[in-house]
Amino acid sequence: MSDPDPLDFNDQVRLAEALVFASTTPVSDRALTLALPNGADIEAVIAELRARTTNRGVVLAQIAGGWQFRTAEDLAPRLKRVIKVPRRLPRAAMETLAIIAYHQPVTRAEVEEIRGAALSQATLDALLDANMITPQGRRETPGRPTMWGTTPAFLAHFGLADLRDLPRREDLLVEPPPVPLPEEPIPPA
Amino acid sequence: MSDPDPLDFNDQVRLAEALVFASTTPVSDRALTLALPNGADIEAVIAELRARTTNRGVVLAQIAGGWQFRTAEDLAPRLKRVIKVPRRLPRAAMETLAIIAYHQPVTRAEVEEIRGAALSQATLDALLDANMITPQGRRETPGRPTMWGTTPAFLAHFGLADLRDLPRREDLLVEPPPVPLPEEPIPPA
Amino acid sequence: MAEPQTLPPASQLPANDSPLAETLLLHLEGFEGPLDLLLDLARAQKVDLVRISITALVDQYLAVIDGARRIRLELAADWLVMAAWLTWLKSRLLLPKGTEAAEEGEAAAEVLAARLRDLQAMRAASLWLGARPQLGIELHPRGTPEEFAAIETSGISADLGGLMRAYMAALRRGTKHSAYRPARISMWGVKDALARLAVLVGSLPDWTDLEQFLPESLAGPMERRAAMASTLLAGLEMARAGTLRLRQDGPFAPILLRRHVFSEDQDV
């Protein structure tokens, strides 16, 4: 096989760059495939694009099953001074979000049981307003309660390519200094 | 140098790049001066940024007295072909659609009462155009007002198998406001 | 002083009202619920959550609740329910090993420890998420999506989450216009009972069971017991006023009542 025409390849990278740039949401490989000429090597195009933006003010990131340009992490403190940023989610909302992320699809009653506290309207509103959670059907149990799950915007917000990027539950329980956990909990004395 | 905020030239360019990228409006020279360290050579920073984006998929453009990144003009026709940006329903339309979904069959006057706001013909038309709602006969009261309900396209759009799959009202609201509502939305006949 | 997030060990808890007790109460209000407090107490043991001493934990929790009740009697029910359950748990854990009740206690302690680990894991997950650079806060996406892409509008963009937000917003706006109505309390009060008794008693010739005077439409056993208590109170009140007489033939026997007829005997 002959090497691809370097001019063509450059053109493909430019097109991919423009496509990802123009969009405010992550662009999937599928969308790139549709945009680029037949037979284009998406992986090579992305690798080149990534190389070109390395160490720049705006970098390419793999987010929520797609590609997105976002400002470089180290610039955050300097940008904070000039760009108005929204408030962070309060603690109760963050904990509820973590529970939904790990246990989805999960009902409100289950979230409340894990937290050992009622879920307030303010928390539910904050998570819905921030587009972090969405209804995911109903559970086929008496009362058919609504089940909740996280949105693609949740992944994008926290810079996750995938739900599998969340740390494993077992790893979360390790507190510094890490103590190896036995297989079975030891009954209390 | 006695600069209180030393940033090397490359970092100045990176910061300018991030700022222009993230800003929702064109960034003026004045805004750049405020964001960059005292004594930064704005012209040199802009010149470097412009050089870095020459012949790329995204270029630096001077628009309305400020700087903004735009996709390269020669790529526009090829992007148009691909990016499909669906229309966002205006807020009034989304609210009306949600009320019709939960309260169907429902008259226009009832929707207005629940929303606490008048329902414009444009909103109704937008929902009809999008094939989200459909007339469902008339109510046998004085004036015989048209009753509205959702379409099968509505269910398909929101990924619902059935109207009974809409999230329960009590899962959305801790204390539902006093609005008369059947226990479950009744599927259209 | 203890640092804001941790509570003093049980041995240091105040024996009476004191500035420390008030701090304690403020602490209590900072917790999301009993489980949240238990987790904090467990972490204060500074051992792996797998090895926490449940009995020590129970003692600490009960001491905190006790301290809080001294300053404010009307502590939320869930704190007290947890206290009652933990008291039960402790009584089981103190039994000699091998008995059925002791095993029951150990199983319950394991369930509690597992719930605490779950909550701990989720709290850690929330911290992990919170520590990540967040979009729109530390990192920024493209500020201006390009409009040329909007040429193709072959459909609408809306998801279920958006529909829910819209519905909640609409209902809120709609109800803003109506007057505030507090949630209706379905309990049968003494006033209700007085009114009902006054109407019914006149029509009854002989001793009648108090239960006969309860309203027909009671939601559940809780409401039934409340109505029972209110009706008894109303009965006592009317007996004092001389319109009624009450009788109970033995402990836990049905309480009977009838109209007081003045021409009759005057026995007590």
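Please read all numbers here as calculations on a predicted model, not as lab measurements. Residue numbering restarts at 1 for every chain, and letters A, B, ... go by the order of the sequence lines.
- Few gaps surround CG on B:Asp129; more than 12 heavy atoms of other groups in view lie less than 6.0 Å from it.
- The environment of B:Glu140 atom CD is dense: over 12 non-hydrogen atoms of other residues, nucleotides or ligands sit within 6.0 angstrom.
- More than 12 heavy atoms of other residues, nucleotides or ligands sit less than 6.0 Å from atom CZ of A:Arg88.
- Applying the salt bridge (charged side-chain N to carboxylate O under 4.0 Å, His left out) criterion to A:Arg52, with sequence neighbours excluded, gives A:Glu48.
- Listed in order of number, the residues of residues 57-75 of chain A that approach chain B to under 4.5 Å between heavy atoms are A:Gly57, A:Val58, A:Phe69, A:Arg70, A:Thr71, A:Ala72, A:Asp74, A:Leu75.
- Rounding to the nearest 0.5 angstrom, the gap separating the CD atom in B:Gln12 from the CZ atom in A:Arg78 is 9.0 Å.
- You'll find the side chain of A:Thr53 reaches within 4.5 Å of the side chain of B:Arg56, heavy atoms only.
- Contacts of A:Arg87 classified as salt bridge (charged side-chain N to carboxylate O under 4.0 Å, His left out), with partners at least two apart in sequence or in another chain: none.
- In this structure, CZ on B:Arg168 lies 11.5 Å from CE on A:Met147, to the nearest 0.5 angstrom.
- A:Thr146 places no side-chain N or O within 3.5 Å of a backbone atom of B:Asp171 that could act as its donor or acceptor partner.
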Test salt bridge (Lys or Arg N to Asp or Glu O under 4.0 Å) applied to B:Asp165 and A:Arg144, step by step: CA-CA 9 Å; B:Asp165 287 347; A:Arg144 300 187 70 241; 3.0 Å; yes
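- When the salt bridge (charged side-chain N to carboxylate O under 4.0 Å, His left out) test is applied to A:Arg169, the partners found at least two apart in sequence or on another chain are C:Asp118.
- Pairing each heavy atom of B:Leu15 with each of A:Leu79, the nearest pair is CD1-CD2, 4.0 Å.
- With A:Arg138 contributing its side chain and B:Arg164 its backbone, the two residues share a donor-acceptor pair below 3.5 Å.
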